[in-house]
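Heads up: the structure comes next, in structure tokens.
Residue numbers begin at 1 in each chain, while the letters A, B, ... track the order of the sequences.
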There are 2 protein chains.
Amino acid sequence: MKVLSKASVYGLRALLYIVSKKDKSEYVSIREMSEELSISFHFLTKILQSLTQRGLLESYRGPNGGIALKLPAEEIFLIDVVKILEGENFFDSCLLGLPGCGEFEPCPVHDFWKVTKAALQDEFATTSLAELGTKISENRLRLSG
Amino acid sequence: MKVLSKASVYGLRALLYIVSKKDKSEYVSIREMSEELSISFHFLTKILQSLTQRGLLESYRGPNGGIALKLPAEEIFLIDVVKILEGENFFDSCLLGLPGCGEFEPCPVHDFWKVTKAALQDEFATTSLAELGTKISENRLRLSG
DNA sequence: TATATTTAAGACAAACTTGTCCCAAAATAA
DNA sequence: TTATTTTGGGACAAGTTTGTCTTAAATATA
Ligand code: SF4
Ligand code: SF4
């Protein structure tokens, strides 16, 4: 069961890499991240572009350029990243994918899934990059998967 | 968030269609199901072939042939179908996909996900085709999605 | 200005899922 | 036997996600 796409996972790992950097005043280069995290540079670039366009990151071109968080890591939550990279309706999903829901009575797993989904959304809405960052060592981010 | 693949959903809808048939002694033709459920005939054929090969269904070729459940609908559970069509390790999934789990301490969402995953597995393990079938009208199965 | 660095953006390719097509094999019926 | 029906199984095509490559735009430095 794949919950997040590669794009989301790569995006998250890059964000955590930025958080792990001590010097918050400097931009972190995408090239550096792609090499340290073993992620395709161009793919990562596009992922981070999406986050930049949606206001989660700030980018700067030229020598010593790169990207930086636009908010403190304490104020960026998993849900913010996921909603951008997976789509706004990521949490509107159906468990069985049977057609006609809403028009007729729900299937037996609907109530279960409604609760599970809400819990998942809440977990994502309350887990910040800062919280993730404190538990995930820099070494670990570098592993290939 | 997509939980099940098209293959799983199509497979489930076909099984529920079979369950909805009153006469349990007859084979249900794949052609009929594909037309009634608006699913590609050949795609559905391959999906059902997997279920047949894994012993969940019985097939019979020739005129009046088709497929039939090998067990009563009360004894076939969602988890049986999903494990065949999505793979045995469907429930072994990781939420964030960060590398190095097991070697290092788990990430902050790990405990939450462990519980959620177990609940999902339990829900699938205890929901039978019969239970699904009683709640899902035949009309509803025919909607395209 | 000229050059190097770095993100932005789009075209293109590889891999995976989904869907289509063709023919073989098994069973029925005439 | 011959024709028909139906599943079995492989090759192939379309669509999506993932990954690669090339060029443009912005910035810094000399
Ligand atoms: S009732 Fe809910 S969980 Fe069940 S198929 Fe419909 S939307 Fe999905
Ligand atoms: S700790 Fe658990 S949930 Fe977190 S990344 Fe690792 S396996 Fe996934």
Side-chain angles (χ1 to χ4, degrees), chain A residues 1-15 18 26-70 82 84-87 90 97 144-145, chain B residues 1-15 18 26-70 82 84-87 90 97 144-145:
Chain A
M1 181 190 184
K2 195 174 80 175
V3 181
L4 296 182
S5 67
K6 290 271 186 190
S8 290
V9 174
Y10 291 168
L12 274 175
R13 286 174 63 202
L15 293 177
I18 297 173
E26 280 186 357
Y27 289 99
V28 184
S29 101
I30 302 179
R31 174 71 63 185
E32 174 191 334
M33 282 191 284
S34 76
E35 283 170 358
E36 290 294 327
L37 306 180
S38 304
I39 298 172
S40 148
F41 167 70
H42 290 97
F43 192 25
L44 184 56
T45 295
K46 266 189 293 198
I47 294 165
L48 297 178
Q49 265 175 41
S50 308
L51 298 178
T52 302
Q53 285 161 354
R54 294 287 298 272
L56 216 62
L57 296 174
E58 184 179 6
S59 72
Y60 198 84
R61 298 195 232 194
N64 303 313
I67 61 173
L69 301 186
K70 261 205 151 175
V82 161
I84 291 171
L85 296 176
E86 303 279 342
F90 180 71
S144 40
Chain B
M1 180 188 184
K2 195 173 81 175
V3 182
L4 296 182
S5 67
K6 290 272 187 191
S8 290
V9 174
Y10 291 168
L12 273 176
R13 287 175 62 203
L15 292 177
I18 297 173
E26 279 187 356
Y27 290 100
V28 184
S29 103
I30 302 179
R31 174 71 62 183
E32 173 191 335
M33 283 190 285
S34 76
E35 284 169 358
E36 291 293 328
L37 306 180
S38 304
I39 299 173
S40 147
F41 167 70
H42 290 96
F43 193 24
L44 184 56
T45 295
K46 266 189 292 199
I47 295 165
L48 297 178
Q49 264 175 42
S50 308
L51 298 178
T52 303
Q53 284 160 354
R54 293 288 297 272
L56 216 62
L57 297 173
E58 184 179 7
S59 71
Y60 198 84
R61 299 194 231 196
N64 302 314
I67 61 173
L69 301 185
K70 259 204 153 177
V82 161
I84 291 171
L85 296 177
E86 303 280 341
F90 180 71
S144 40

When the distance from CZ of A:F43 to P of C:dA15 is rounded to whole Å, what number comes out? 15 Å
Using whole Å, report how far CG of B:L51 lies from P of D:dG8. 11 Å
Which residues share a side-chain hydrogen bond (donor to acceptor under 3.5 Å, both in side chains) with A:R54, sequence neighbours left out: A:E88
In numerical order, the residues of residues 59-69 of chain A whose heavy atoms come under 4.0 Å of DNA chain D are A:Y60, A:R61, A:G62, A:P63
Would you say the side chain of B:I47 lies within less than 4.5 Å of the side chain of B:I39, judging by non-hydrogen atoms? no
If we only count heavy atoms from C-beta on, is the A:I84 to A:Q53 side-chain gap below 4.5 Å? no
Nearest non-hydrogen partners of A:L85 and A:A7, listed with the distance: CD1-O, 3.8 Å
Grab the CZ-C1' distance between A:R31 and D:dC21 for me, whole Å please. 12 Å
Integer-rounded Å distance: C:dG19 C1' and B:L37 CG: 16 Å
Would you mind classifying the nucleic acid contact of B:S40 as base, sugar-phosphate or nothing, using non-hydrogen atoms under 4.0 angstrom? base
Validation row: B:N64, B:E26 side chains within 4.5 angstrom (heavy atoms): no
Atom NZ of A:K6 and atom OG of A:S8: how far apart are they, to the nearest 0.5 Å? 12.0 Å
Step by step, work out the side chain to side chain contact (heavy atoms under 4.5 Å, CB included) result for A:L51 and A:L15. CA-CA 10 Å; A:L51 298 178; A:L15 293 177; 4.2 Å; yes
Length of the CD-P vector between B:E58 and D:dT6, whole Å: 17 Å
Each nucleotide in nucleotides 9-16 of chain D should get exactly one letter: B, S or -. Can you fill that in based on protein heavy atoms under 4.0 Å? B-B-----
Side-chain N or O of B:Y27 versus OP1/OP2 of D:dT7: is the shortest distance under 4.0 Å? no
Can you check the B:I39 CD1 to C:dT18 P distance for me, whole Å? 13 Å
Atom pair distance, as rounded to whole Å: CG in A:L44 and P in D:dT17: 19 Å
I would like to know whether A:Y27 and A:L57 meet side chain to side chain contact (heavy atoms under 4.5 Å, CB included); could you show each step before the answer? CA-CA 10 Å; A:Y27 289 99; A:L57 296 174; over 6 Å; no
For A:K2 and D:dT17, give me the distance from atom NZ to atom P, rounded to whole Å. 9 Å
With no hydrogens and no angle check, is any side-chain donor or acceptor of B:E86 less than 3.5 Å from a backbone partner on B:L4? no
